[in-house]
Structure formats: C-alpha cells, structure tokens
There are 2 protein chains.
Amino acid sequence: MATISDVARAAGVSPATVSRVLNGGRVTPERARRVREAAAALGFSPNRVARSLRTRRSSAIALLVPDIANPFFTALARGVEDTAQRTGLSVVLCNTDEDVAKERRYLQVAVAEHMAGVLVAAASRTRTDLTEPAARGIPVVAVDRRPRTAEVDAVTVDNRHGAQEATAHLVARGYRRIACLTGPAGVSTAEDRLAGHRAALLEAGVREEHVRTYTRRAVPRVEGGYAAMRELLALDEPPDAVFAAHNLMTVGALRALREAGAEPPGCGVLSFGDIPFASLVHPSLSTVRLPAYELGEAAAALLQERIAGSDMPLRTLVLRTTLEPRDSTAGPG
Amino acid sequence: MATISDVARAAGVSPATVSRVLNGGRVTPERARRVREAAAALGFSPNRVARSLRTRRSSAIALLVPDIANPFFTALARGVEDTAQRTGLSVVLCNTDEDVAKERRYLQVAVAEHMAGVLVAAASRTRTDLTEPAARGIPVVAVDRRPRTAEVDAVTVDNRHGAQEATAHLVARGYRRIACLTGPAGVSTAEDRLAGHRAALLEAGVREEHVRTYTRRAVPRVEGGYAAMRELLALDEPPDAVFAAHNLMTVGALRALREAGAEPPGCGVLSFGDIPFASLVHPSLSTVRLPAYELGEAAAALLQERIAGSDMPLRTLVLRTTLEPRDSTAGPG
DNA sequence: CACGCCTGTGAAACCCTTTTCAGGGCAACT
DNA sequence: AGTTGCCCTGAAAAGGGTTTCACAGGCGTG
C-alpha cells in the first residue's frame, strides 16, 4: 500500500504538498499535476484511519435502529445509505433491539471511534441518553422517534395527524367501536399516534371512557399485536374496527381476526405503516403510508450539514403521511 | 476525552504499562490495580482510531449485500450483527444493489479503512473481484453466493438439494407442467436452484425440452417474477405449478396468477425462501425455508476465526434448507 | 530603495495508541 | 562472587496522514 510519502518522493515534493493537492490547498498547477500523476501511477488512496486520527473525525456515521427486521427501518436505512454514500460517508448499522443498554453500548463505540455523526431512532423517549456524543462534539440527528433528554435535530413524521386522519376515516366508513393497538408508553411515536386516534374519536363525540376501553398497549411486534387483539375480541362488545398503530402489530392483529372469523372489512383494519407485500393480503389492506426512505434521506442530509459545520439553530423536520384507503376498511356489515 | 497518557499520569506509570494492563501484558498486580482505578476514575476508553492505526487493523467488518430490502438479507445481517457484536466488532452495512461497480467501491473503502474483514454476498459470480482485499491481507468470507474469482471461505445453503426437494414435492402432489422462475445466469444461487429443479424433473421422467419450455430467467425482483409469470401464463399450455427460486419473484408470480384467476393450489406455488408474513397469504404458502440468520451467524464466526489469525485450509460450510409444505401446493384440480 | 505583505513550500509537530528495545533488579545457578 | 536468565518497566519509535509555523521569494507601495 503506497503512502503519502511514497507519492511525495515520486513527485519530488513534500508530503505536505501532496496532502494539499488532495484536500484542496493552494499549490501551483505544475506541481499539482506531478502529484496527481504520481498518485495515479502508484494507485495511492489515503489511509482513512490515519486521516481520522489526525483530523479527529472519521468518515463513518452510525445509524441506530430498534429493529432492522422491520421493513420500515430497512427502507429508512436505504435512504440514509444512498444519501451518505453520495458524499463518501460509510454507514455503520446498529440494531438496538429496543434495548436501551445495547443502544448505550453502541453510542459509546461511536464516541470511541470518533464517528462523524450519529443517526438514532431512539429505543426510549425518556431513557435514551444522547448527551454523551453531543457533548463530545459529535452531531446527532434523531430520526422517526425523538428522545426528550437531549437537544438535537430531528426528522419525524406527523404521527398525530396521520393517526387522526386514519381514525377519522374509520369513523366516516361507519365503524362504531374503533379500537387502537399501540406501542408501549414512553415511545414517542406510540404516544403521538394514540393522541391522534383519541382526538379523532373525541371529535366524533365518543366518550373518553369508551376510547380507553378499546385501547391496548403492547410490545411492537407481531406477537404483541396478536395478544392484544385477542384481548379485545374477548370483550363483551368486541370492536368492529381496529387502528393498528404499528405495522408489525397489524400482522398479529390480522392473524387474531382470522382465527376468530372476524375478517375485514366486516371488522375494519387500518395499519399505520406499510406491511411488505401488503398487496398480497386479502382483502387489500388500508394503510397510512410512511415516507420511510425519505425520512432516511432527510435525516442523512441534515446530519451531513452538521458534520460540515453548520451551526444553524436546531431544526425539526416533520414529514407528512398519506392515507391509502383500500378494501379492509370498506365498512361494516 | 481522557487519553492513555492521562491515565498513566494519574496512576504514576508509563503509557506503555497502561496499554499492557488493558491488553493483557505482564504487569505486577499492584500496578495493574492502580491503573484500573485511574482508568475507571477518568472514564477512559481507548481511542479506537489510534489503535487501528497502530495495529493496522480496525474493529469493523464490512457486510456487502445486494439488496437490504429483501428480508432474507436483513435476517442474515442480524445474524452477522449479533455475532460480531459479541466480540466487539462493528458491522458496516453496504448495500450493493446488485451493482458490481458499487460493490467495487465499497471494497475499496474496506481496504482504505483497514477493516478487519469483509463478508460479501456477491453481486456477480464472475465479475465480483475479491482479490484486492484478499491480497491486502483482509480476510474475506463469501456468504450465500460464492464468486468464482477468488479463493475464499464460504458459507452457503444447499440450493441444489433444496430445489430438487421442492420440485420433487410438486411432482408428488400431482402437478404435471411445472415451471421454474429463476434469477439471471451468472448468479450462483440461481444456477444451482435451476439445476436442482431440472434434476428432479428429469428423475421424474420429464424431457429436457419440456423443462426448458417452462423455465424463465428474470431479474430477482417482484416485477421480474410478475413479468416472467405472465409470459408463462400466455403459453398454449400454461404451467399448472411454479417453483419460484427467489422469494421476491414469488410475490410477483402470485400477483400475476391472481390477475389471471389461476390461484393456488389449482396452480401450485412453491417459494424458495420465506416471504415475510407469508402466514397472511391465502392459501398459506409452501416454502423452502432458508436459514438466513444462521447463515449470517456462521459466516461471522468463520470470519472472526480468520481475523484472529486462523490459517486453516479454506472451508465451505453448507447449510441445509427445509421444505415446509403448506396449502399452496395441495394439488391440482 | 526599503519595507511590508502575500503566496507557496517543506520541516516538524501532532493525533493516540501499540510495540520494540534496552536496561534495571532479582533469583538461580556455576 | 560472578554469570546467566528472566521479568517488569519506561523511553522512544512507529503507524500515516494533516496542520502549524517559519521561511523564501516575488510583488506592490511609500
């Protein structure tokens, strides 16, 4: 592996000059040409580790997601990756498994590796601690979920609005006992979606108590949705529609409904977030589409600005969701 | 950020001694204790960039996959990540998009970053070039797909056997005109699966020509499967079953079948590789289950051995698939 | 002509850790 | 007592870039 000194020797200049040619310093054209030729001839590419050490900044960013198996986060990761790749940043993918301890370990690594920046879909709104990297001067952007503990840039979706629109749609289609399956307390997306759902129902004249009866919190996994849906179906007056505030929970809910013989659209089902290949599900599934890829793109772009040294005031970018009504919410009976 | 010198000063020793305490050199217990206390008090964690520079080895490995949106590769990535994480390795995820040029760029980055190792699901059997990292002493393990150009360790699944079993199953269930949708020539998995399919048919007494009539190659995406299936359905004697050698292509095929009103199991459908939430598809989908997570685990473990300096002869680990017959291959008529 | 300023350049410092090397101290042996 | 050998330790080198600093030379100005 050729080093910068090899190139310098071959071009008859000092290593400092080579560095300047490569990084845009002022060098006379003639020398610059010689350096470039020598570099090409030797197949030189700078050792990024050495560069990182000296500049105290690496060309890698960390992306922390709670569940890489969820297609929402893979789409987001693609958005991040495509954007980062364009400016030569590598993306280190870290799967936190919704585990705050695991998340903390990854954040420590990011600090020890002097990573250029961190993108994080926080495992917990209250317990995720982003102060460490922020204090060390590593830019942090929260994506999808915003933790409360640190002041960072954020890119989120309008969960509340999307949920409100979703539940309003169920109301409009004539459903009366509309349930909500949402994630655990303390996760901002779960809270916001529940809030939107409640707002839509209250506006439609539903009593607060009624809302509460038909709301279930569960772990945001397929099994969580399944268990919660079964609970709801066991009520004296089971719901006639369900707003599932999480895509994987929707899958569990659908399974429970099928087992109980209460298939949509008789019992309406509306999913917040796409299910992959939802087009295969029968009847076709109404969803609130989330701009996952765009979320990743926007967050990566924002992070890059910070890495480049932007000192704009903190920003929160909120992307809109879009309701896509299909057959699973065609109406009861 | 505390450095090793700070710790040394605080403990009244030299930096060399601190390094030895942390990395398992011989140090008297008393000193070691002092060093550990000082390190803890200062919250010291070694700068991994400096360490990388000196040791010429980083603690990151690259994982190159052709399509992170495919659940097969996300499961694989999880296996890799969980295993790597256990020994303190970070995983840099690189999405090559089935593009050899993009793949080459990522390999260059891996070399320039002095990464500890590379795991690669090659974009092409013939054009993927793994000689560069191998020549630089960076261990490489091929996973899922093995390129021909370099001599590397590999972890694959028994595609041929799995495919043969799958098609034999279709034969046994009474299907007569069994089609095969597979990936492009030059991708080892596509080739092997087709070979298994053909072997099963020939064994059942089907003529080679007949096999060829009902075989289609397409890009391994949903649209590829859709287009190829439509072609097959337009034949004078359309197939009465299809073995889809790729999970995403299966989705496309199902869509085409539904449009044509030829739903399974009347027309049998067997997918090589899971479709996420296949349990939601009606009728339930017969699949050849791939051990994606285990593939990632095994590959990461193998790579770690090499990184640790193992000089065993090259190994190829082949994992078995399992046929899971369900309703979509219940039989014709 | 003298002075100051500006530009381009190379030497050397620097980033932080690991590793080599040489030496001191001590025990065991001749 | 004098070697020999071993263990532990610290000083210093090494890893490969970037950046600071000082300096040389050219140019413009008073």
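Just so it is clear, the structure is predicted and the values come from calculations on it, not from any experiment. Labels below follow one simple rule: chain letters A, B, ... track the order of the sequence lines, proteins then strands, and each chain is numbered from 1.
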With side chains defined as the heavy atoms from C-beta onward, is the minimum distance between B/V65 and B/T96 less than 4.5 Å?
no
Quick one: are A/V80 and A/E297 in side-chain contact, heavy atoms under 4.5 Å?
no
[N] [atom2] sits how many Å from [X] [atom1], rounded?
X	N	atom1	atom2	value
A/N23	D/dG17	CG	P	11 Å
B/E113	D/dG17	CD	P	13 Å
A/R51	D/dT18	CZ	C1'	9 Å

Students should find this one: the first and last nucleotides of DNA chain C, 5' to 3', lying under 4.0 Å from a heavy atom of chain B. What are they?
C/dC16 to C/dT20
Using the rule side chain to side chain donor-acceptor pair (under 3.5 Å), only one of B/E113, B/R56, B/H114 pairs with A/N47; which is it?
B/H114
Going 5' to 3' through nucleotides 8-13 of chain D and flagging B where a protein heavy-atom sits under 4.0 Å of the base, S where only the sugar-phosphate is that close, and - otherwise, we get SBBB-B
Is a salt bridge present between [X] and [Y], judged by a nitrogen-to-oxygen distance below 4.0 Å?
X	Y	result
A/D97	B/R78	yes
A/E151	A/R315	no
A/R34	A/E37	no
A/D153	A/R306	yes

Under a 4.0 Å heavy-atom cutoff, the residues of residues 35-44 of chain A touching DNA chain D are A/F44
Please name the pair of heavy atoms, one in B/P139 and one in B/L303, separated by the smallest distance, quoted to 0.1 Å.
O-CD1, 3.6 Å
Answer yes if the side chains of A/T128 and A/E103 hold a donor-acceptor pair under 3.5 Å, and no otherwise.
yes
Any luck finding a side-chain donor-acceptor pair between A/Q304 and A/T87 under 3.5 Å?
yes
